[in-house]
Every structure is written in C-alpha cells, then in structure tokens.
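Take a look at the structure below.
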Amino acid sequence: MILIPRYSARAIASIMGMVFTVNVAVAQDVAETLVADLSSHLIAITPDFTGVDLLLFGTTDGTGDVVVVIRGPHSDVVMRRKERVAGVWVHTDAVEFAGVPGYYALAANRPLEQMNAEAELAFAQIGVPNLRLDAVDAPTETSHAAFRDALVKNMQRKQLYPVDIQPVTFVGERLFRTSIRFPANVPTGPYSAEVYLIKDGQVVTSEITPLAVRKSGFGAAVFLHAHRHPASYGAVAVVFALAAGWFASVLFRKV
Amino acid sequence: MQIYLPIAEMSVNVFLLLGMGAGVGLLSGMFGVGGGFLMTPLLIILGVPPAVAVGTEANQVVAASASGFLAHMRRGNVDFRMGSVLLAGGMAGSALGVWLFFVLRQIGQIDLVIELGYTVFLAIIGTLMLVESIRTLLHREHGRAAPRGAGRHTWVHGLPLKMRFRKSKLYISALLPLTIGFVVGVLAAILGVGGGIVMLPAMIYILGMPTSVVVGTSLFQIVFVTASATFLHAYNNQTVDIVLAALLLLGAVVGAQYGSKIGTLLRGEQLRALLALLVLVVTAKLLYGLVATPEEMFTLSPIFRTP
C-alpha cells in the first residue's frame, strides 16, 4: 500500500506540525491512522461481463469521517445542444470539456454537508458538484453551467456518475467497508480509488490505490487486432461475412 | 444470456441480436435490400455507438446479401452486365461518401444529415412505389394489362454511350446506371447501408428493368459496395465489431434464405406494395424523431480527431 500525503500543502503542513510539536511515537500513530485496500485491483472485462461490485475496506484510528472517491479514465468530450430550426431539431451550440472522468463514484459514512469541510472537499474534487469540468470554449458563464449540468446528467443516466452517495459502514470502531458498483458499460483504462480521512473540517490524511479496467480474453484479442492491424482485421471481417453468406446459401439449397 | 461486444464496448442479450438478425434477414431476402436501413437505427436504439453501428452493419450486410445473391444467381435472376456498370458508379460514389462522412462528423451534423437524408429520400420513394403498385394491382383486377415500362420512349433513351443489357431487355445509355450507382454509393457510405432500398426503385422506375432481375442484380452490387465499406470502416475508424456482426449475420443468413423463397411466391406488384409500406413506416418514424421535442436537449460525444 502506498501512503500518499498528496492532499494539500495545508494538510501536509498540519501533519508535519504534529510531528514536530509532539514526538516521534505520535508521528508513527498519524501515519497509521488510515489503511485501506480494494478486493481487486483489476476489473477484467470478459465476454460475459455484466458489471461488478468491488469491496473497499480499511481501518482508521476510530475518529473522523471516511470519504471514498473512485475516478475513471479522463478524456475530452463535446456536449451539443439541440434547437428547433424550421421545425426540425438541429445541433446548434457546442461546448468542449477537457479531462472529463469517464467514471466517478462516491461513498461516505455520513452526508458531506455535515463534515464542515466545504473548501477541502472542493479542492480535492470530492462530490459531483465539485468536479472540475473545464470548458475549453464556453461562450458565456450561464451557458457553461447549462452544458455542465447536461454533461453530469448524461453520465448519471449511464450510471457512470452517482446520483446518491453510497454508504461507508463502520464495523465496530475502526474497521470500515463500502461496496462500489461498476456497471457493464464502464470505460476501460486507469482508475484511482482515493480514501480521505476528515477530522474537524480538515483532510487529515488520504490514500490512493490504483485500479485498472481492462478487456480480457477473446474480446481483448479482437479489440487489439482491430487497432493494431486494421487492414487485416477489415479483410478478415469481409472474408468471414462472404463465407457465412456462401455457407448459408449452400446449406439451404436442398431445403 | 449477455455477451460483451469488444468494439461497441457494451453487453447485449445474445438472443435479442439473433432475433433482430433473423427478422431483418427475412426482409432482405424478400425484397433484395440489404436491410441496413432497418438494422442501423435498431442498433443505435440498443445503445451501440452510431459509428460502430454503421461499420458493423456494413459487415453484416455483406453476408446477408451474398447469401441472397447466390440464391438468385441459381435461379438466373442476375444481370451481371448491368450490375457491373452500377458497381463502377457505386465505388466512385462511396469514396466521395466516406470523405463527406468524416467532414460532417467533425462538425457534429452527421446525425442530422443521416436522418434528414433518409426521411426525404424514403418519403419520395415510398410514395411513388405505393401509388404505382396499387395502380397496377387495381388494373389487374379490372382485367386490363398494366402498361409495361420497357416500351415507353422518353428523354432517357436519347442519352449517348448506349449499351445493350440482354438480361434486362434494355438498350440504354451506360451513363444512366453509372449515375444511379454513384448516387447510391454516396448515400450508402453516409447512411451506412448497402443502398438497395434506394437502388431498387431507381432500377424499376428510371431504368425500366423487369422486376424479376432487379432483386438479384441489386444484391450483386450490394455485396461489393458493402464489402468495400466494411474494409474502409475497419481500416480508418476501427468501428467494425466482428462479434456483433457474427451474431447478427447468423440470424440474417437464415432469414434471408426463407425471405427469398417467400419473395418468389408473391407477384412483383404485391412485393412492391409491401416494400413501399415498410419504407413509409420507417419514414414516419424518422420524421417523428426529427420533429418531436427530444427527451434530452443535449448530446454527449467523444471528440473526434482528424483521421
């Protein structure tokens, strides 16, 4: 497991402050306040893949709130708006968004509003409203908001962004667990599972675990062949279809 | 039973795909159309990305039309000379169409062009065919022979570069089938279909070919146009899902065989009336999609980089 005090300069400063003002033994304690892991670090998309639930579990020192964020592969997308032109619905305006996560999941042990950590949550992009979705060329501020809302709604409809926050449940004082749903249409690529420990409105420590969603087996072989050898893939597709058509006509000749 | 489609990147029920293939295959065998004009929208409704639906459908139509073409060839219903001229035009047209497809996709108007193009074209064709076939059916009931197309003499017969097409009993300018092939090729590449739905009426009403050879000849041309489209889509866009195509064509090749048998049992004008009704139903559906207030005002798509 990698412990990454990546979160913010302020958080690091506060940890450092504790280290120096108290003693080394306490510093050891701080380092061990959060440990977490996933039930699997690889989601293999096999031909019969219909989605999967991963278990994220860990321990804390018994105080504070736990927030879990899973983010998927980032890519650029364009949102287009339809308007009625001469009776027909036509795409008119478009806004491009850079670095949009293809998947986002959120779990916490209680509602985020009750944690009094708005600034910290916003900085770490925790919660869908805090997601930084940068418009490349938004015409105006209001239209940017409308396009951003539409983007979020679109992803929520595909179950790739959360509508509600998932529960993190504590088993006893220290042990916590949560279940994360990955639907059948989950995009492939690198993911990160981030766990934050929040006390008194501050992110005390955080931990990032890598996670990958990859095609596997026959599907992966087909996908790789299609992208690495497109000419041979195209030829195979044509020959295969011709053979199938010929075979069927021979098969049915006598019927 | 769900199966994961590697290029479309989604899970779909196997039996749903087999059933869709069989249904569309039946129609394809009956009318000599590849069936792409029905299957492509169905796949998009299922949630398959439009670009993948278009590329994969081209691949599936290769199999369906090859199967239908061979069945018609055995019955001697193919005019190879006419088919080759149509094909020459078709290849040139699809090259232009593929280029247009890229340009339109980049400016985000490809969906609109596809839907508008389909709507206008199918509405005209469907109406013409329906009116003509009903008129023929009524004439027959009154005991009168329908006017035969080949005997008429119009401006069409004044064009240069005349060629004799024995099988079709025609002596017409080669420019005519070349142009028809070209227009169909452009539409085929943009709409992601073989173009049979457009070509059949053109062969009957513009060229005046006998209905008996129209279906086989159209299938002959469709096999080649869709084969080249499949290759181009796979090579340029990697949007041919071979698993999806295999499942669809498994149902389709079987359906097409039964379809061509049903087709030979029906009279030409009955077949045309049925096809016209089908065309008008699809037109109405497309028109509704264009005019009705959409459920979602915004659409999301990945950004396409120049290929």
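Here is how names work: the chains are called A, B, and so on, in the same order as the sequence lines, proteins then strands, and each is numbered from 1.
Counting heavy-atom pairs under 4.5 Å between each of A:F218, A:F49, A:Y233, A:F97 and chain B puts A:Y233 at the top. In terms of heavy-atom pairs under 4.5 angstrom with chain A, the leader among B:L116, B:T239, B:V14, B:V291 is B:V291. In terms of heavy-atom pairs under 4.5 angstrom with chain B, the leader among A:A231, A:G219, A:A184 is A:A231.
Neither the backbone nor the side chain of B:A245 comes within less than 4.5 Å of any heavy atom in chain A. For B:V240, the parts lying under 4.5 angstrom from a heavy atom of chain A are both the backbone and the side chain. For chain B, no part of A:S232 is nearby; none of its heavy atoms comes within less than 4.5 Å. B:L249 touches chain A through its side chain: at least one heavy atom from C-beta onward sits under 4.5 Å away, while N, CA, C and O do not. There is no contact between B:A252 and chain A, counting heavy-atom distances below 4.5 Å. For a residue to count as touching a neighbouring chain, one of its non-hydrogen atoms must lie under 4.5 Å from one of that chain's; by this rule A:F247 does not touch chain B.
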Chi angles and distances behind the side-chain contact (heavy atoms from CB on, under 4.5 Å) call for A:Y103, A:V213: CA-CA 11 Å; A:Y103 176 87; A:V213 177; over 6 Å; no

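The aromatic ring centroids of A:F147 and B:F298 lie less than 6.0 Å from each other.
The side-chain heavy atoms of A:E194 and A:E207, taken from C-beta on, include no pair separated by under 4.5 Å.
Here the side chain of A:Q166 pairs no donor or acceptor atom with the backbone of A:L106 at under 3.5 angstrom. Not one N or O on the side chain of A:H229 forms a donor-acceptor pair closer than 3.5 Å with the backbone of A:H227.
Within 6.0 Å of the CZ atom in A:R177, the count of heavy atoms belonging to other residues, nucleotides or ligands does not exceed 12.
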